[in-house]
Amino acid sequence: MACVKNQILITGAAGMIGSGVVRHLNDLGFYNLLLVDDLKQSDKWKNLVGKQFIDLISRHKIFEYLVDRESEIDAVIHLGACSDTMETNADYLMENNFRFSVRLAQWALSFNKRFIYASSAATYGLGDRGFSDDEKSLEELRPINMYAFSKQLVDLWMKREGVLHRVVACKYFNVFGPNEYHKGRMASMVLKMAHVAHQEGVIRLYKSNEPHRFADGEQLRDFIYLKDAVKITCDFLTKPLFGIYNIGQGKAITWNALGRALFQALGKKEDIRYIEMPKELNGQYQNYTCADMNKTFSVFEPLKMTPIGEAVREYVQDYLLRSARW
């Protein structure tokens, strides 16, 4: 962290990735962190227990706080957003995900601060246009829900304003790992399946809505362990890199394979069953995702990723079964 001498502002700091970033920076010996989040009535605060930071400020008060404090902050890691892909309040998503992000970026850029923000693989939609993080193809992407659209609008704003060469956008794929207990229906399927498998000895997967392409449970996703995603995110603080970068494994595995890894981690006999996909998901379900990691690998070579089987085992045995946090 040699190039960061003052504070790092982290939004969404009590969330899964945000609290992981705080933990990773603490482990590197960096405690000069200004956290932003809205804890409300949730248990997100527990993700920050045992971590060191300067202050925790509501997102509703952060711009008031930042007045005349530009000399105190070197970098912004903007991870805060509504990540509910089922959210239908478009006005809320525009204010929370788009306009807040633009305003924070404008503040950071006006004072020449390092600005790293969370985009999303959801912007790739059904994937029929591929999963390349080439900025030239941004306008071609077709998000399939309002959450994804709100994230794409931020990327498009960066490009339209000509500032992609001054920021870093992290397009996270399917991140799973500790500190997601608070996420409810938006928690990773790893957490959801592990809970049911532990309690009932069974995993239920959605039947394929494209049986001509994918058999039941053979739909493919690019999963990445939280600790890997966090390390890459924090590495951008010290590398003179800019633009959009995919954050995934670059490999896709089937839900069946993920289920088998979960049963193995739990030490239970496999029992995978298939259920009908909810109607509200049918038109916006990604049956295949796989990050094009060529650009990310080229700048972080060698980049060691935790194998999915090993990541699932650690997550289940070291965290979920112990109700522990990272």
Side-chain angles (χ1 to χ4, degrees), residues 15-17 42-43 46-47 83-87 121-122 126-127 144-145 172-229 248-249 251-290 305-326:
M16 178 177 69
I17 299 178
S42 76
D43 285 341
K46 293 181 180 179
N47 287 339
S83 59
D84 189 344
T85 58
M86 303 295 289
E87 177 60 61
L126 294 175
I144 55 178
N145 56 57
Y172 296 108
F173 278 67
N174 287 82
V175 182
F176 71 95
N179 301 5
E180 59 171 331
Y181 301 112
H182 66 282
K183 295 184 68 173
R185 68 179 181 178
M186 296 314 299
S188 75
M189 284 301 294
V190 178
L191 183 150
K192 294 177 182 178
M193 292 191 300
H195 177 73
V196 176
H198 181 58
Q199 296 293 325
E200 304 177 26
V202 64
I203 285 177
R204 299 178 181 90
L205 301 175
Y206 292 140
K207 292 180 180 178
S208 175
N209 61 353
E210 292 186 277
H212 59 289
R213 294 182 60 202
F214 304 97
D216 292 341
E218 292 298 301
Q219 304 98 317
L220 293 150
R221 290 285 181 92
D222 189 333
F223 293 93
I224 179 171
Y225 194 38
L226 173 66
K227 294 182 181 182
D228 295 332
Q249 282 258 357
K251 301 175 184 177
I253 70 166
T254 68
W255 289 105
N256 286 329
L258 184 65
R260 289 192 290 269
L262 274 167
F263 278 119
Q264 186 173 4
L266 290 166
K268 291 180 176 289
K269 182 181 178 181
E270 293 177 19
D271 186 358
I272 300 176
R273 305 175 190 179
Y274 306 100
I275 60 175
E276 296 295 334
M277 183 178 294
K279 290 182 179 180
E280 61 269 23
L281 284 180
N282 198 29
Q284 55 177 314
Y285 189 80
Q286 292 176 305
N287 284 316
Y288 175 83
T289 65
C290 186
M305 295 284 195
T306 309
I308 291 299
E310 181 181 331
V312 169
R313 181 207 58 75
E314 178 179 295
Y315 183 30
V316 170
Q317 296 181 4
D318 295 354
Y319 296 97
L320 293 183
L321 293 181
R322 302 180 183 183
S323 298
R325 298 171 193 263
W326 179 40

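Small disclaimer: the values here were computed from a predicted structure and weren't measured. For this chain, numbers begin at 1 and follow the sequence in order.
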Student: Show me the pairs that pass salt bridge (charged side-chain N to carboxylate O under 4.0 Å, His left out) and involve residues 257-270, at least two apart or across chains.
Tutor: none
Student: By side-chain contact (heavy atoms from CB on, under 4.5 Å), which residues pair with Gln264, not counting sequence neighbours?
Tutor: none
Student: Could you report the tightest heavy-atom contact between Tyr315 and Pro178, atom names first, then the distance?
Tutor: CE1-N, 3.4 Å
Student: Can you list the residues that meet the side chain to side chain donor-acceptor pair (under 3.5 Å) rule with Thr306, with sequence neighbours excluded?
Tutor: Asp228
Student: If a pair satisfies salt bridge (charged side-chain N to carboxylate O under 4.0 Å, His left out) and one of its residues is in residues 309-326, list it, with sequence neighbours excluded.
Tutor: Lys227-Glu314
Student: Using the rule given for side chain to side chain donor-acceptor pair (under 3.5 Å), can you reason through Tyr274 versus Asn256, listing the C-alpha separation, both sets of side-chain angles and the distance that settles it, and then say yes or no?
Tutor: CA-CA 10 Å; Tyr274 306 100; Asn256 286 329; 2.9 Å; yes
Student: Any donor and acceptor pair, going by atom type alone, linking the side chain of Asp222 with main-chain N or O of Thr289 inside 3.5 Å?
Tutor: no
Student: Among residues two or more places apart or on two chains, list those pairs meeting salt bridge (charged side-chain N to carboxylate O under 4.0 Å, His left out) that have a residue in residues 174-193.
Tutor: Asp84-Arg185
Student: Indicate yes or no: at least one non-hydrogen side-chain atom of Asp271 is less than 4.5 angstrom from one of Arg273.
Tutor: yes
Student: Which pairs count as salt bridge (charged side-chain N to carboxylate O under 4.0 Å, His left out) when at least one residue sits in residues 194-203, sequence neighbours excluded?
Tutor: Glu200-Arg204
Student: In Å and rounded to the nearest 0.5 Å, what is the OH to NZ distance from Tyr181 to Lys46?
Tutor: 10.5 Å
Student: Who are the ring-ring contact (aromatic ring centres under 6.0 Å, His included) partners of Phe176, not counting sequence neighbours?
Tutor: Tyr225
Student: Not counting sequence neighbours, which residues clear side-chain contact (heavy atoms from CB on, under 4.5 Å) with Pro211? List them please.
Tutor: Ser208
Student: I'd like to check the salt bridge (Lys or Arg N to Asp or Glu O under 4.0 Å) partners of Lys207; sequence neighbours left out, ordered by chain and number.
Tutor: Glu276
Student: With sequence neighbours excluded, tell me which residues meet side chain to side chain donor-acceptor pair (under 3.5 Å) with Tyr288.
Tutor: none
Student: So, using side-chain contact (heavy atoms from CB on, under 4.5 Å) as the criterion, who are the partners of Ala229 when residues are at least two apart?
Tutor: Tyr172, Val175, Ile224, Ile247
Student: What pairs with Ile253 under side-chain contact (heavy atoms from CB on, under 4.5 Å), at least two apart in sequence or on another chain?
Tutor: Phe223, Leu258, Ile308
